[in-house]
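Working notes, structure below.
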Amino acid sequence: MPELPEVETIVRGLREQILGIEIQAARLLKADMLRIPRRASRKFKDFFVGRNFVAIDRVGKFLLFTLNDRSRLVAHLGMTGKFVVTNGRFPDPPYLCSQYIFRNGQRLDHIDVRRFGRLEIYPSGSKIPIIERLGPDPLSPEFKPQTLRSLLFGRSGRRRRRAMHTLLLDQSLISGVGNIYASEALFRAGIRPQRRADRVRLRELGALADSLRQVMREAVAAGGTTVSDYRRVDDKPGRFVASLRVYDREGQPCRDCEAKIKRTILGGRSAYYCPKCQK
DNA sequence: CTTGTGCCCTGCCAGC
DNA sequence: TGCTGGCAGGGCACAA
C-alpha cells in the first residue's frame with residue numbers, strides 16, 4: 001500500500017523518466033476510476049496529447065501531475081496502484097487503468113488490481129478539494145508541534161477519545177501516514193496503538209513527531225516498503241521491509257526485547273505493537 | 001463537530 | 001485436491 005515514502009519514491013522516479021517529454025497518446029481503460037469536475041468534459045486523451053508534464057509532486061499520498069497548460073492530473077494509488085515506466089516494447093499488463101505514451105518511446109502504465117485508486121483532472125488554476133482537505137505531512141515544513149496537538153484536541157478544543165493509531169490515519173489531521181508507518185511510528189515512540197488520545201501526555205507528542213519524521217525519512221531513503229503489491233517505477237521492490245519493527249510481524253520476537261509482537265484491530269484496520277516496549 | 005460503519009474491488013489463503 | 005468464504009484496507013458517503 002503506497003504511503004508517503006512509497007509515493008515519494010514513485011514521484012522521484014517519474015520525474016527522472018517522463019518530465020518534459022511530449023505525450024503522444026493517452027488512454028483510459030478503467031473509466032470508473034476517473035472523476036472529472038463538470039467544467040471540463042473532454043475525451044481523456046485530449047487532456048494529454050501534444051502536452052507534457054512540467055511538474056510531478058506528492059501531496060500526502062496523492063500524486064499531482066502538472067501539464068504545460070497548467071491543468072493537473074491528481075492520482076491516488078489506493079491499495080494496489082502502481083506507475084511503471086517501460087520502453088513500451090511490452091504488451092499491456094493486466095489491470096491496466098490508464099496509459100501514457102511519450103514521443104521518445106517510453107510508456108507509463110498505470111496499473112491497479114483492486115481499483116481502490118482514483119484519478120481526477122482539474123483545469124488550470126482551479127482548487128483541488130481532495131488536496132485542500134489534507135493536513136501537513138511529517139516531512140513538510142508545515143509539520144509543527146501544533147499539528148501533533150491537533151491529534152489530541154479537536155477544532156472545538158475538546159480532547160479526542162479515538163485510538164492513536166486511528167488518528168494517525170486521519171489524512172485531514174496528518175497526511176501521508178498509512179497502516180505501516182502508523183504502527184512503526186507508534187512503536188518508536190513507545191505508545192500503544194490502542195491508547196486513547198485523551199490518555200496521551202502532551203510531552204509524549206514530541207517523541208511521536210520525531211518518530212514520524214524519522215521513520216518517513218528512513219523509508220524514503222530505502223525506496224519504500226514492499227509488503228505485497230508496491231513497486232518502484234522501475235518495478236523494483238522497496239527495501240524498508242527489512243527495517244520494519246512491528247508491522248506484519250505478528251508472533252515474531254520484538255527486535256528490542258524479544259517479546260512476541262501482537263496484532264489488534266482498530267477502526268477496522270490491523271495495528272501491530274510490542275506489548276513490552278509500548279505503553 | 002465527532003465518531004463509527006459499510007462499501008468499493010479482487011487476489012489470496014485457511015479451512016473444510 | 002479443489003473449492004470457497006472471509007479477509008485485507010484508503011478514502012469516502014452516510015448515519016447517529
Side-chain angles (χ1 to χ4, degrees), chain A residues 1-8 10 28-37 58-64 74-83 93-98 110-120 128-135 137-138 149-186 193-200 216 219 224-231 237-238 241 244 246-251 262-272:
Chain A
M1 55 222 74
E3 305 179 25
L4 184 157
E6 290 74 35
V7 177
E8 181 65 28
I10 291 166
L28 177 69
L29 294 95
K30 304 289 181 209
D32 59 328
M33 294 190 69
L34 178 67
R35 315 281 161 88
I36 307 180
R58 177 187 61 77
V59 186
K61 303 180 200 171
F62 288 85
L63 293 97
L64 190 55
V74 181
H76 193 288
L77 295 173
M79 288 292 298
T80 55
K82 290 192 272 191
F83 280 110
Y95 312 110
L96 187 63
C97 298
S98 66
H110 164 212
I111 302 157
D112 193 342
V113 176
R114 288 187 210 171
R115 305 215 305 273
F116 272 24
R118 183 161 303 206
L119 291 176
E120 298 189 9
I128 302 178
I130 49 173
I131 282 183
E132 301 219 338
R133 280 199 292 269
L134 298 175
D137 77 56
R149 235 180 103 81
S150 73
L151 287 181
L152 303 197
F153 300 93
R155 240 172 288 279
S156 56
R158 255 210 346 264
R159 197 124 189 177
R160 297 180 192 274
R161 305 163 66 94
R162 299 157 81 190
M164 287 306 287
H165 185 267
T166 307
L167 285 167
L168 287 177
L169 297 181
D170 188 332
Q171 302 297 299
S172 69
L173 303 174
I174 295 178
S175 63
V177 181
N179 230 18
I180 296 175
Y181 300 104
S183 282
E184 291 298 313
L186 287 168
Q194 57 271 62
R195 182 114 68 92
R196 284 168 32 167
D198 57 354
R199 303 279 171 78
V200 171
M216 291 301 184
T225 303
T226 295
V227 173
S228 54
D229 295 272
Y230 162 72
R231 286 292 184 283
V241 64
L244 296 177
V246 289
Y247 182 80
D248 205 25
R249 296 193 67 238
E250 183 181 16
K262 291 197 167 194
R263 183 175 79 104
T264 186
I265 305 291
L266 296 168
R269 245 121 255 190
S270 291
Y272 299 84

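Note on naming: letters A, B, ... go to the chains in the order of the sequence lines (proteins, then strands), and numbering restarts at 1 for each one. Not measured: the values here are computed from a predicted model. Atom set for the values below is all heavy atoms of this structure, side chains included, hydrogens, waters and symmetry mates excluded.
- Salt-bridge check for A:D170 with A:R162: passed, with a basic side-chain N closer than 4.0 Å to an acidic carboxylate O.
- Residue A:D248 holds its CG atom at 10.5 Å from CG of A:N179, rounded to the nearest 0.5 Å.
- Of the inter-residue distances, the one linking A:L64 atom CG with A:I131 atom CD1 reads 4.5 Å to the nearest 0.5 angstrom.
- Of the inter-residue distances, the one linking A:L4 atom CG with A:I174 atom CD1 reads 11.0 Å to the nearest 0.5 angstrom.
- In this structure, A:S183 has no side-chain hydrogen bond (donor to acceptor under 3.5 Å, both in side chains) partners at least two apart in sequence or on a different chain.
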Could you list, one pair per line, each protein nitrogen or oxygen that sits under 3.5 Å from a nitrogen or oxygen of nucleotides 8-10 of chain C, together with the distance?
residue, atom, partner, partner atom, Å
C:dA8, OP1, A:R263, NH1, 3.0
C:dA8, OP1, A:R263, NH2, 3.3
C:dA8, N3, A:R114, NH1, 3.1
C:dG9, OP1, A:N179, ND2, 3.3
C:dG9, OP2, A:S270, N, 3.3
C:dG9, OP2, A:S270, OG, 3.2
C:dG9, N2, A:R114, NH1, 3.0
C:dG10, O3', A:H76, NE2, 3.3
C:dG10, N7, A:R269, NH1, 3.3
C:dG10, N7, A:R269, NH2, 2.9

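- Across the helix from B:dT2-C:dA16 to B:dC16-C:dG2, the helix axis at one end is tilted relative to the axis at the other end by 50° (nearest 10 degrees, each axis from five pairs).
- In this view, A:R58 and A:E8, A:D137 satisfy the side-chain hydrogen bond (donor to acceptor under 3.5 Å, both in side chains) rule, not counting sequence neighbours.
- We find that CD1 of A:I131 is positioned 11 Å from P of C:dC12, with the value rounded to whole Å.
- Residues meeting the side chain to side chain contact (heavy atoms under 4.5 Å, CB included) test with A:Q194, sequence neighbours left out: A:R192, A:T264, A:L266, A:Y273.
- The interatomic distance linking A:L4 (CG) with C:dG11 (P) rounds to 12 Å, in whole Å.
- In this structure, CE in A:M164 is found 6.5 Å from CG in A:L186, a value given to the nearest 0.5 Å.
- Residues A:Y95 and A:G154 each lie close to DNA chain B; by heavy-atom proximity, the contact nearer the 5' end of the strand is made by A:G154.
- Remark on DNA chain B: of its neighbouring residues A:D32 and A:G267, the 5'-side contact belongs to A:G267, judged by nearest-heavy-atom nucleotide.
- Nucleotides of DNA chain B lying under 4.0 Å from heavy atoms of chain A occupy a range whose first and last members, 5' to 3', are B:dT2 to B:dG11.
- Taking atom CZ of A:R133 as the reference point, atom P of C:dG11 lies 11 Å away to the nearest angstrom.
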### Task
Apply the test side-chain contact (heavy atoms from CB on, under 4.5 Å) to residues A:V200 and A:L151: give CA-CA distance (whole Å), side-chain angles for both, the deciding distance (0.1 Å), then the verdict.
CA-CA 10 Å; A:V200 171; A:L151 287 181; over 6 Å; no
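- Side-chain N/O atoms of A:T80 and A:R114 include no donor and acceptor closer than 3.5 Å.
- Taking a 6.0 Å sphere around CZ of A:R159, one finds it holds more than 12 heavy atoms contributed by other residues, nucleotides or ligands.
- The residue A:I130 sits close only to the backbone: its heavy atoms come under 4.0 Å of sugar-phosphate atoms, none of a base.
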